[in-house]
Structures are given as C-alpha cells and as structure tokens.
Amino acid sequence: MSSVPVAAPVRPRSRWPWASMILVLPATALMVIFFLVPMVLAAYLAFTNQELEGPHAIHYQIIGLANFSKMASDFYFKNSLWLTVIFVGGSAVVGQTVFGLILALLQERALRWLRLAVASIAITAWVMPEISAAVIWYAFGQNGGTLDTLLGPGHSDLNWFSTAPMLIVCSANVWRGSAFSMLIFGAGLRNVPDEVKESAVLDGANAWQRLIHIILPIIRPTIVTNLILVTIGNLADFTLIYGMTQGGPNNETMTLPIYMYIQSFNFYEIGYGTAIALVLIVIGAIASFLYVQLLRSEI
Amino acid sequence: MYRSPLARKLTTSLTAAAVLLAIAIPGATRASSTRSHSHAGATISVVYSASYLFDADPQATAFWGSIKQQFEKRYPGNHLTLIPEPGLDVDELNKINLMLRLPQTTPDVLSIPTYPIGSMSQSGFLAPLNSYVSKWSAWKQFPASVRAENTIGHNVWGVNTGNNDFGLLYSMPLFRKAGIKVPWHPRTWNAVLSALAKVKAHNHGVYGMQIRVGSANGYATTLKGIANWVVGSRQPTIYDYKTHKWVVRSPGLLDTFKFFHTAVARGLIGPANDQTMLKPTGNIVWDWMPHQKYAVVVGGNWYPGLWLPGQGGTPWPGAKKVYSVAPIPTENGQKPGSATAIGGWAYAITKNSPHKALAWKLIQLLEQSGNSIKLANQSGVIPPAKSDFSAKSFINFAPPYNAAYNRFIKNGVSLPNMPGILKWEQAINDVSGNLITNSHLTAQQAQNQFATEATQLIGSRYVETKK
C-alpha cells in the first residue's frame, strides 16, 4: 500500500495584520477621541464640583460621592426621576409599543395602498427632526391651536401645555416613535408561520385568542427587543420635551435629561449635571440588563 | 490606472480623516488664529449675540459690521474680529464660558447679559475695569443704579450696554369707562388691585392684569414679572452683600405672594395659560393689546417699540391713544415711590486678553452716543448714559413711551448678579407659576414653598431669613 503524501496543514501566519490595523485606525481614533475620552472625562467630572461659571470653574476639586448623596435629598431630582418613569413608561414602553403593535397588526390585513399610505405617514413622523416635531406639537397644543379648536367649539382658550403638559408631551412622543415599533413588529409578524395561524383558526380560535395565545408568544423576542430599544432611546430624550416645554410649566415635564441640562447649563453645575447623566446611563444599563434577562429566559 | 482594493480603501479612509480634521481644526482655533495675522498692530476679538439682543438678526450683523469698520478706521493697523453667537442669551453664555476655559480660545471683549457678571468674575474670567472707568468722563453719565449693576464689592466688571425696565401699560379707554381718571398713577399695590377690580366690573369680557410668571423662559420671566414686586416691597433685599446670602424668607416676599394670591383669588389676573406661556412678546403686543384683551400689561420698555413699522409684527400707529404707561408702585407708597427691576447687557474685558487697553478703546467706541443709541433703538434697551437716554434720537424713537420709561429707571433695582441668581429665579418662578395656576395656594404656603425650594437649590449655607 502506497502511502499518499498528506500535505502538512498550513499554519496561520502569525504576522501582525498591519493592513487591517491601518484600515480601522481612523475609525478607532475617531471613536477614542469623540466617544471614549468624553465618556471617561464625564465619569471623572461626576465626582468633582466643577462649574461652567463661578468660583469652581477653573479651580475645582474631587468631592467623592457628594454629588450622588446630594441627589438623595434633592427633590427636583426625585421629581425628575419620577417624571422620567412616567415619560418612558407611558409614552415609550406602553404607548409606542402598543400603538406600534396595533399599526403593525392592522397593516397585515390592510390593502396594499392603505398599508403604504399609513406606513409613509408614520415613518415621516419618525424620520422628522425632533425639533420639527416639537414645533408641530407646540402649535398643535397651545391655546388657539389645532387641538383647542377641535375640542372646544368657539374658543375654549385651553392651553394643553398648562392643563396637561405631560399628556401632550407623551402624546407627541407616541406620535413620533410608533413608526419605529411598527417596523420592528412588522418584521416580527412576518415570521409567524401561516400554518400555525391556520391551525389555530381550524381549532376555532377567534382573532383575539389567536393574538393572545399564538401571535404574541411567538413574537415575544421581538417585543423584548423593541422594549430595550425604545427604553434606551427615550430615556435620554431631550429635544422633543425641551422644544415643547423647556421642562415647564412648574417643572411638570422636567425629566432627567432636562434636569441634567438645567443643572449643567442654566445653573452651571457641570459636576452635578454630569453625575445625573451618569445615573441616567446606569438606569439605561439596568433596564437593558433586565430586558436581556427576560429575553434569554424566553429563547 | 489600477489600484488594489486595499490601496483604494486606504486612500478613502485617509481622505475622510483629512476632511474631518480640516473641518475640526479651524473651529477649534478660531479665536487664537485671529491673533497672529496682524503685523503693525494687534487683533482683538469680540463675542456677541447674533440673534438675541437685537430685534432682528440683520440689525446685529449691520451694527457689528459698522463697529468693525469704525474701529479699524480709527485705530489703523489694528483689527477687530467679530465672533457672532446664535441662539438665546443662555446659549451665548454657555459658548463663552467654554471659550474662556482656554487662553488660546479666549476672546478679548464680551457683549453679555448682566446677570452672570458676578459668577463670571468669581470664575476669574473677567478683568476689573476700575482703572479705565475712573478716567472715563462718560461713566459719570450713568445713573448710580446702572453703575451698580456691574459693580461687585469695589470692582467694576462690566460697562452697561443698555437696560430694560418695567411699567404698567394700561388701557386708557377701559380705565375711562370704569370712571378712573387718566393719566393713572397708582401709589400702592392696593391701588392697583382696586383699579383692576373697577375696570373689570365696568368692561365685560376684559381681563385684568397680564404678567409673566412660571418657570418658562427663566431669568427673563422673573425680571418681567414678580421681581418688580419684590424690589418694591417693604423688605426688598434679595441678596445680602454683607453676609453673602440669599434671602429666602422676608416680610417683603410674603407680601409679594399675598399680592398675587389676592389678585388671583379676586379674578384680577387673566387665564393662567396667558401668564405661564412659552410665547414670545409678539403675542402680547401685536395681538392682545390691540384687541384690549387686558386692562393692564406689566410691560418692558421695549414693548411700545414693537408697534413701530419694521419690527416684525403689524405696526400699530394708534397705540399711544389706547395704552399709556404708569410706574409700578411700591407696596405702601414708600420711597422712592416707584419700583422696577432692571436688567440689561454689558461689555466686559476678559482677564486673559493680551490687549486690554485696545479692548477698552473698543468699549469706548461702542459706548459713543451714535452707537449706543442705535443699539438701544434696535434692541429695545435704554442706553446707559443720561445724555444718551435723554437725547432726542432716543426719546423720539418710540414716543411717548421712551420718555416715560426713562423716568422709572432711576428707581430701578438690578437683580443681584451673584452666583446663585439663576437658582433664586428658578425657585421664585416656580412659586409665581403655582400662585397663578392655583388660587388655593395661600401666601404663607407660597412663602414656605419658596424657602424650601430656594434652600434646596442654593444650599442651606447660602440662604437667610430677613425680618
């Protein structure tokens, strides 16, 4: 038996991948300069008493956890935290998700032209710059505005920004963000096998039962992904709220990003403002962690 | 020519990086690069608001363009670099505060609102101007109240550009119909309340008083609204310069809150929405006032100027036959007899400026009558020098109102331009907003709320109670 010579396995070259390194260098440099350095610097500033203006503007000190202990007794902070929960919970976690899901479900059965029309309108609201959306809703909700005119025959002089500011801000956010959830759910719904739905019909399940017992359990990973994305996306939402109300009236819409801005750039407390930003990041990280745990248990 | 994919990618990446650097570098070194190109003389730079101080943006561009021409003509060989900043006053200040952190990005002259002067001087950002103003004849033309605005302790940190003061713009036809003699000159707060009640009783569908309250628009809201009452109260101290503490409880504050509570409870202030809104002044002067929606509007000196042609709204030549202006009285008619908060803009020189003497020459040029009055008319401020605010070219710009508002300014009280002012105003704006929206909030409750909030924001070490 003649032995067939076997080619020696080619050992991977242990050469340093210079070409690849050079290619990723510009992107890496940009990430380091514009992302990593500011992040580290921000984390550092959160432990200082630096001001933008005032006695500690140039000569500032490390004050340990003082900014964080200040938060514990700061009722503006507590108020903002609560408002953030309402805003993110009400308009994003519940509002955008539910509304996006409804739109996606309705689109499944809609005529092609209607589906296209609705999707176009919803997506227009989503791709519109936030500040434009804020101006539109500002005009919509103030006294003498569209909503006032529609609701109050004659002139009710109702300004939704003082009557129910959080409601109008949340509504604007649902209006703006539902398209995003709609797109995610649309993709999820297309993955629900037709035969599963058909067998449910054969078993006598009505539309509601099919939704609750068949469709939702199947698209649960999509729901969780959507929840993670809208929570993180809305937790730091600044432009829409600031453009509409500046956090007012009477701080009724002052969510954490707005309070962070006010502390940093109105009160010049950069150290404290940065500490609030850090808390915001931690909240986002905890929420994402919880959602991911939820997702893992479902797969 | 064939190039390998790697070479192409490399070229693309390098080009992208070069473009990014090209975009980034001029912005970063804007202020510093301007210093080097002068040969014979020096180059100084001035930062100013491109879209807030002047009534219209093109006016700011034209004004500063003309200043540059005048400066470079008068001081040949020297150059003036203009650094316009867009946005609101707070946006300009934030940008300036960031520029001032590095000597190489520090401009020489600043055109800024007066309220941050105290904290900017404490930052070590500004140069004291004592030695300059002491030799400057025009300084004596500034009323004491105006000089005091930018003077902290013994140091002058800024030279006033112009001021706003406030009065009660009242509708003469509505007052006459109610049997109140015009010109109206209320002597006390109670006189204001009783006049409002009478006017409302005789004019169906007319609201009493319009006043800015609430947290929208921050410092400007305080200045246009409740501060005018605090400074006219029987205990008007807002900040104690001896103890360096903010007053969070005083009979003056309590009485101020009482005035607002009474006015709201008696229905003498219009719908809460009108007072707490985020709307520009245009709504008030171009819509509500021509329709006499309000009998009295607490209005700034620049309101009547907005009825002139070319100010952005519908001109109202007949305004002077309808609205006249009365001074805001002190609480019980005590001296000096009228009250107004004043706030304005100032020119300052930065501590790191290498050309302070030249910078001072620029400020002197800016303060010359022609320039000062032009800025005043186009920005709706009262020029700081007495000779300028009594000049015909200013008085006749918006007659008869400018002359009337001029009379109020000598009793004007600047809000303390000390660190903490923005926190004080946040707390008092919250309370004023609550008083207007909630008629059940008593004066004492409002006082407690203000003391708690102000203490929380400013810090318990920096607040005190005055008897």
Side-chain angles (χ1 to χ4, degrees), chain A residues 18-20 22-27 29-30 33-34 50-60 70 73-79 138 142-144 148 156-163 165 242-254 261-270 272, chain B residues 6 9-10 12-14 16-18 20 24 90-91 93-94 96-98 100-101 116 118-125 213-219 221 270-279 283 287 419-420 422-423 425-426 429-434 436-438 452-453 456-459:
Chain A
W18 285 109
S20 316
I22 291 171
L23 283 174
V24 297
L25 194 66
L30 288 175
I33 295 169
F34 295 110
Q50 196 193 53
E51 296 170 320
L52 198 54
E53 181 184 294
H56 304 299
I58 301 294
H59 307 290
Y60 57 92
K70 186 177 166 187
S73 59
D74 180 354
F75 58 70
Y76 281 95
F77 174 78
K78 289 175 193 164
N79 173 52
Y138 174 71
Q142 64 168 309
N143 54 339
D148 181 24
S156 67
D157 253 351
L158 204 55
N159 183 332
W160 288 88
F161 290 106
S162 15
T163 315
Y242 198 78
M244 285 168 78
T245 64
Q246 293 183 356
N250 295 327
N251 310 318
E252 285 172 58
T253 53
M254 191 168 69
Y261 175 84
I262 287 175
Q263 279 291 347
S264 307
F265 295 108
N266 284 6
F267 297 162
Y268 305 129
E269 303 270 5
I270 283 284
Y272 190 48
Chain B
L6 175 65
K9 281 179 186 169
L10 258 178
T12 315
S13 309
L14 290 174
L20 274 168
V90 284
D91 303 317
L93 286 170
N94 283 327
I96 287 176
N97 281 321
L98 292 171
L100 293 176
R101 301 190 77 83
S119 42
M120 284 180 103
S121 68
Q122 288 201 0
S123 312
F125 288 155
V213 294
S215 50
N217 295 327
Y219 176 84
T221 299
N273 298 326
D274 282 6
Q275 332 302 326
T276 57
M277 70 202 168
L278 258 172
K279 282 184 181 174
N283 283 77
D287 183 7
L422 296 173
K423 296 173 180 173
E425 60 85 353
Q426 167 91 17
N429 281 353
D430 283 350
V431 175
S432 70
N434 284 347
I436 301 295
T437 45
N438 176 10
T452 315
E453 292 199 13
Q456 167 84 66
L457 286 173
I458 301 169

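Residue numbers begin at 1 in each chain, while the letters A, B, ... track the order of the sequences.
Across all their heavy atoms, B:S215 and B:D430 have their closest contact at CB-OD1, 3.6 Å. A:I262 and A:M254 make their closest contact through CD1-SD, 3.6 Å (heavy atoms, listed as atom of the first residue, atom of the second, distance). The shortest heavy-atom contact between B:T437 and B:A272 is CG2-CB, 3.7 Å.
Contacts between B:F125 and chain A at a heavy-atom distance below 4.5 Å involve the side chain alone, from C-beta outward. Heavy-atom distances place the side chain of A:Y76, and not its backbone, under 4.5 Å from chain B. Contacts of B:S432 with chain A are absent, with no heavy-atom separation under 4.5 Å from either backbone or side chain. Looking at B:I96, there are no atoms closer than 4.5 Å to chain A (heavy atoms on both sides), in backbone or side chain. Residue contact with chain A, scored on non-hydrogen atoms closer than 4.5 Å, involves the backbone of B:N429 exclusively. Using a 4.5 Å cut-off between heavy atoms, A:Y268 touches chain B through its side chain atoms alone. Looking at A:Y60, the atoms closer than 4.5 Å to chain B (heavy atoms on both sides) all sit in the side chain, from C-beta outward.
Atom CG in B:L422 sits 8.0 Å away from atom CD in A:E53 (nearest 0.5 Å). The distance from the CD atom of A:Q246 to the CG atom of A:N251 is 11.5 Å, given to the nearest 0.5 Å.
Contact count versus chain B (heavy atoms, under 4.5 Å) is highest, among A:H56, A:Q50, A:H59, A:K70, for A:Q50. Note: A:P55 leads A:S264, A:S73, A:P55 in heavy-atom pairs under 4.5 Å with chain B.
Considering only residues two or more places apart in sequence or on other chains, A:E269 meets the salt bridge (charged side-chain N to carboxylate O under 4.0 Å, His left out) condition with B:K423.
Side-chain contact between B:L100 and B:M120: present, with at least one pair of heavy atoms (C-beta onward) separated by less than 4.5 Å.
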